[in-house]
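From a predicted model like this one, the values you see are computed outputs, not experimental measurements. Ligands are counted one by one from 1 in listed order, and the atoms in each one are counted from 1 as well. Heads up: numbering here begins at 1 and tracks the sequence.
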Amino acid sequence: MAAAQAEELPHVDPATDPTAQALKYSEDATQADRAGAARPGKAPEEQFCSNCQFVLADSGAWRPCSLFPGKAVSENGWCASWTLKAG
Ligand code: SF4
């Protein structure tokens with residue numbers, strides 16, 4: 001998906017999105033409990049949607065995520081399913 005298209009997707013809203021709540025998604029990773037989740041692959045403070053395996057664009061402030069079909073997550077976000085992008 002082109003970055004321009006991704007920018008037009010509705011943003012995941014943690015206040016109303018059950019998946020976001022279940023996964024503790026925050027559009028500001030520094031506000032999320034990355035240390036508590038202790039996901040492997042990178043130090044907690046280096047984990048962002050932008051370097052997650054599930055993000056579906058290489059650039060853009062807002063990007064599609066395979067866990068949130070039809071919506072966009074912040075490049076600076078994080079959720080408990082964070083997984084280091086391979087390659
Ligand atoms: S799966 Fe990855 S890209 Fe999607 S919201 Fe969670 S941390 Fe962000």
Would one find an N, O or S atom of C49, in either backbone or side chain, under 2.8 Å from atom 4 (Fe) of ligand 1? no
Proximal ligand 1 atoms for L67, defined as those under 4.0 Å from one of its heavy atoms: 1 (S)
Under 2.8 Å from atom 6 (Fe) of ligand 1 - does any N, O or S atom of C79 fall there? yes
Is the number of heavy atoms from other residues, nucleotides or ligands under 6.0 Å of D28 CG greater than 12? yes
Closer than 3.5 angstrom, by distance alone: can the side chain of Q47 be matched with the main-chain N or O of K42 as a donor-acceptor pair? yes
Numbered atoms and elements of ligand 1 in range of C65, under 4.0 angstrom, heavy atoms: 1 (S), 3 (S), 4 (Fe), 5 (S)
Part of F68 within contact of ligand 1 (heavy atoms, under 4.0 Å): side chain
Closest non-hydrogen atoms of R39 and W82, given as atom of the first, atom of the second and distance, are NE-O, 2.7 Å
For Y25 and F68, take the angle between the two ring planes, folded into 0 to 90°, and tell me which bin it lands in: parallel under 30, tilted 30 to 60, perpendicular over 60. tilted
With heavy-atom distances below 4.0 Å as the criterion, list the atoms of ligand 1 near C52. 1 (S), 2 (Fe), 3 (S), 7 (S)
Backbone of S81 reached by a side-chain donor or acceptor of T83 within 3.5 Å: yes
